[in-house]
Amino acid sequence: MSKQTIPTPKAIRGTQDIFGLEAEAFGHVVETFERVRKLYRFRRVEMPVFEKTTVFSRSLGETTDVVSKEMYSFEDRGGESLTLRPEFTAGLARAYLTNGWQQHAPLKIATHGALFRYERPQKGRYRQFHQIDAEVIGAAEPQADVELLVMADQLLRELGIADGVTLNLNTLGDAPSREAWREALIRYFRRYEADLSDESKERLEKNPLRILDSKDPRDKALTQTAPQIDEYLTDEAQDFFGKVTAGLDAAGVAWVRAPALVRGLDYYRHTAFEFITDRLGAQGTVLGGGRYDGLLEALGGPATPAVGWAAGIERLAMLVADARTITEPAADVAIVPMGAAAEAACLGLAATLRRGGLTVDMGYRGNMKKRMSRANESGARFALIVGDEELAAGEATVKNLATGTQERMALHAIPAHIAA
RNA sequence: GCGAUCGUAGCUCAGUUGGUUAGAGCGCCGGUUUGUGGUACCGGAGGUCGGGGGUUCGAACCCCCUCGAUCGCCCCA
């Protein structure tokens, strides 16, 4: 562009500047979420983007990858370790405990905003990314799981991206079920340890459930015949899962059982789910969540059942943009003043029309040809041309940009003409 | 953190085995038209070839480093 001696700073890796149509798609996702969440009476929450590091390290577990290498942590001037939130749930749980929101239990809340993880960027995966999030805290009932899932389903439908998206559903059972299953898996995989991929050999020690969703063909051969959670579900856990699936069926939400869908951390119980699309490659999960009875205790609170989900706005926006359901809003009218006197008068005209709810474009500069050209690009149905002649008569020339026909008209008659 | 592919104009890309002043389309600006857009024609601006180093008489092209992007792995709480 120019010979600069001052180098322009570049954007941070993994961040994005979202503009125009993409930003419209992004906003559409958030607006749709806001609308749907109100239908289900989820209350809005605004949260800080940073917390004490312990909020995340305790709730997520010190040894998880997220905590050990993916958090943006720093010390403030008082020497306290703070962290940009890598997820919503831990902060919401903290707020629930520190603000006494127990009084509202069961509390249905929703929020959205930026999250930060120090990861290698990929399609639909960024270091600063954005999610919408819904949680029910203080409800042990399967109805909470159902309500969240039905809401998620409705959201995807209203976004027009439900085609090609499948709800994958699993249960991890209650604590005894989960523990029995976990031990059975360890016994099973230890027998075939030599045949496992290197990653899964390590998972066997750290996070055995994760072997089940390994992509390595060597592992896949073994996971086929691995013990299933169903064999280890207690009656209570079975009953819980049955109520969730029955609720989904009653609400007309399609789902498939995904026995390999797991959550690594111990406090995950019962329901685990992901809405997965076939259109985003390796980043196919479009919305995911589950029940996390036990998290609140990890933060020093009383035993509190909770369930929730989150969805990446960028990924949803990509699907929305692919579906071509989004356009940048067109103007209703474009005003084309000619001359200084007309320009001043047109500021008044523009304000009047906008106060009346019309979308109005009026350029800052340019000759008439240029302004007409801009009027055309704005998508306006009408151009209002005001020169000295019109001004003197209290009129404007109203040009229909689609047909090219135009007529002189009194200013006060314009709103009705446009509305017609 | 690991692997692969790729960085040329605002955008999408071309650029021969290394060989003069690096091209096209779209977009942008101006003109044909100083009160009329969308079409057409004419003209113009715009490039440290991502950055640095090296090889060579000569590098957009070859080599090394680096930054970034894309795709995948790990991970996805």
Side-chain angles (χ1 to χ4, degrees), chain A residues 1-5 7-8 10-16 19-20 55-71 85-91 93 115 117-126 129 131 197-200 202-203 206-207 209-210 213-216 261-268 272 274 280-285 288-290 292 294-295 298 308 310 312 315 334 336-339 342 361 363 366-390 396-406 408:
Chain A
M1 285 231 277
S2 59
K3 298 127 207 140
Q4 294 183 353
T5 51
T8 302
K10 287 181 291 186
I12 306 295
R13 173 180 222 170
T15 63
Q16 16 165 22
F19 171 76
V55 169
F56 305 110
S57 58
R58 271 202 228 134
S59 65
L60 301 173
E62 302 283 353
T63 60
T64 58
D65 271 40
V66 176
V67 169
S68 58
K69 58 185 202 197
E70 292 177 7
M71 294 201 310
R85 61 186 181 195
E87 60 150 11
F88 279 116
T89 307
L115 305 171
R117 289 184 202 177
Y118 193 92
E119 293 184 288
R120 194 67 185 264
Q122 284 178 44
K123 186 184 193 67
R125 167 183 277 197
Y126 305 93
F129 59 105
Q131 287 188 342
S197 67
D198 291 345
E199 286 89 6
S200 285
E202 218 173 298
R203 289 185 182 114
K206 285 169 54 181
N207 205 345
L209 302 201
R210 277 281 166 204
D213 59 7
S214 168
K215 290 162 190 162
D216 192 297
L261 176 59
V262 295
R263 292 280 118 99
L265 296 186
D266 290 342
Y267 55 67
Y268 275 96
E274 294 181 359
L280 288 178
Q283 308 302 326
T285 300
Y292 50 93
L295 168 59
R315 290 187 194 173
V336 178
M338 287 178 299
D361 240 21
N367 58 24
M368 186 184 190
K369 179 185 167 69
K370 190 76 216 169
R371 286 170 184 267
M372 285 301 294
S373 176
R374 293 279 184 220
N376 188 56
E377 283 163 22
S378 76
R381 290 175 295 135
F382 298 96
L384 306 186
I385 301 162
V386 181
D388 291 337
E389 214 181 299
E390 287 91 343
T397 298
V398 180
K399 177 162 187 170
N400 183 319
L401 289 170
T403 63
T405 59
Q406 62 185 53
R408 289 275 294 265

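Lettering follows sequence order; numbering is per chain, from 1.
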_Is A/Arg120 close enough to B/C71 that one of its side-chain N or O atoms is under 4.0 Å from OP1 or OP2 there?_
no

_Salt bridge or not between A/Arg210 and A/Glu202? Use side-chain N to carboxylate O under 4.0 Å._
no

_A/Lys399 side-chain N/O to B/G37 phosphate OP1/OP2 under 4.0 Å_ = no

*Could you tell me whether a side-chain N or O of A/Ser59 sits under 3.5 Å from a main-chain N or O of A/Val55, the two making a donor and an acceptor?*
yes

_Nucleotide B/G68, atom P - distance to OH of A/Tyr126 in whole Å_ = 16 Å

*Check the distance between B/G35's P and A/Glu390's CD and give it to me in whole angstrom.*
12 Å

*What integer distance in Å separates A/Lys215:NZ from B/G3:P?*
18 Å

*A/Ala402 near the nucleic acid: base, sugar-phosphate alone, or nothing, with a heavy-atom cut-off under 4.0 Å?*
base

_Show me, range against range, the stems involving RNA chain B, built from at least 3 consecutive Watson-Crick or G-U pairs below 3.5 Å._
B:1-7 with B:67-73, B:10-13 with B:23-26, B:28-32 with B:40-44, B:50-54 with B:62-66

*asked:* What is the distance, to the nearest angstrom, from the CG atom on A/Leu384 to the C1' atom on B/U36?
replied: 13 Å

_Flag if over 12 foreign heavy atoms under 6.0 Å of OH, A/Tyr118_ = no

*After noting the C-alpha distance and the side-chain angles of A/Phe56 and A/Met71, does the key distance pass the side-chain contact (heavy atoms from CB on, under 4.5 Å) rule?*
CA-CA 9 Å; A/Phe56 305 110; A/Met71 294 201 310; 3.8 Å; yes

*Hey, could you give me the CG/CZ distance between A/Asp361 and A/Arg371, rounded to the nearest 0.5 Å?*
11.0 Å

*d(CG, A/Leu401; P, B/G38) in whole Å*: 11 Å

*Check whether any side-chain N or O of A/Arg210 sits under 4.0 Å from OP1 or OP2 of B/C74, and answer yes or no.*
no

*Nearest-Å distance once atom P is located in both B/G25 and B/C62*: 27 Å

*Polar side-chain contact A/Asn376-B/G38 base: donor and acceptor under 3.5 Å*: no

*asked:* I'd like the C1' distance from B/G54 over to B/G18, given in whole Å.
replied: 15 Å

*asked:* With rounding to the closest Å, how many angstrom separate the P atoms on B/C49 and B/G23?
replied: 14 Å

_Sub-4.5 Å side-chain heavy-atom contact between A/Arg374 and A/Val336_ = no

*Expressed as a whole number of Å, how far does the P atom of B/C71 sit from that of B/A59?*
35 Å

*Give A/Gly14 one of three labels, base, sugar-phosphate or nothing, depending on what nucleic acid heavy atoms sit under 4.0 Å from its own.*
sugar-phosphate

*asked:* Run the side chain to side chain donor-acceptor pair (under 3.5 Å) test on A/Gln406 and A/Thr397 for me, step by step, so that the C-alpha distance in whole Å, both residues' side-chain angles and the decisive distance to 0.1 Å come before the verdict.
replied: CA-CA 7 Å; A/Gln406 62 185 53; A/Thr397 298; 5.1 Å; no

*Take atom P in B/C73 and the same atom in B/G15, then report the distance between them in whole Å.*
32 Å

*Inter-nucleotide P distance (B/U8, B/A45), Å rounded*: 23 Å

*Out of B/C74, B/G35, B/C75, which nucleotide sits closest to the side chain of A/Thr397?*
B/G35

*Measure from CD on A/Glu70 to P on B/C75 and round the result to the nearest Å.*
10 Å

*When the C1' atoms of B/A60 and B/G50 are considered, how many whole Å apart are they?*
12 Å

*Length of the line joining A/Glu119:CD and B/C71:C1', which is rounded to integer Å*: 16 Å

Expected rows: protein N/O vs nucleotides 28-32 of chain B N/O, under 3.5 Å:
residue	atom	partner	partner atom	Å
B/C29	OP1	A/Lys370	NZ	2.9
B/C29	OP1	A/Arg374	NH2	2.9
B/C29	OP2	A/Lys370	NZ	2.9

*Using atom P of each nucleotide, how far apart are B/C26 and B/G44 to the nearest Å?*
16 Å

*5'-most contact on RNA chain B: A/Thr15 or A/Pro86, nearest heavy atom basis?*
A/Thr15

_Side-chain touch A/Glu199/A/Ser214, heavy atoms, less than 4.5 angstrom_ = no

_Just to be sure I understand the rule, does A/Tyr267 reach a base, reach only the sugar-phosphate, or reach nothing, if contact means heavy atoms closer than 4.0 Å?_
sugar-phosphate

*Which part of the nucleic acid does A/Gly288 contact within heavy-atom distance under 4.0 Å: base, sugar-phosphate only, or nothing?*
nothing

*Round to the nearest Å and state the distance from A/Arg315 atom CZ to B/C76 atom P.*
14 Å

*List the steps, then state whether salt bridge (Lys or Arg N to Asp or Glu O under 4.0 Å) holds for A/Glu119 with A/Arg13.*
CA-CA 10 Å; A/Glu119 293 184 288; A/Arg13 173 180 222 170; over 6 Å; no

*Any Lys/Arg nitrogen of A/Glu389 or A/Arg408 sitting under 4.0 Å from an Asp/Glu carboxylate oxygen of the other?*
yes

*Check the pair A/Lys399, A/Met372 against side-chain contact (heavy atoms from CB on, under 4.5 Å), reporting the backbone distance first and the verdict last.*
CA-CA 10 Å; A/Lys399 177 162 187 170; A/Met372 285 301 294; 4.1 Å; yes

*Can a side chain N or O of A/Gln122 be found less than 4.0 Å away from OP1 or OP2 on B/U70?*
no

*asked:* Is it the case that the base of B/C75 and the side chain of A/Arg125 share a donor-acceptor contact (distance under 3.5 Å, atom types as modelled)?
replied: yes

*A/Ser197 side chain vs A/Ser200 backbone, donor-acceptor pair below 3.5 Å*: yes

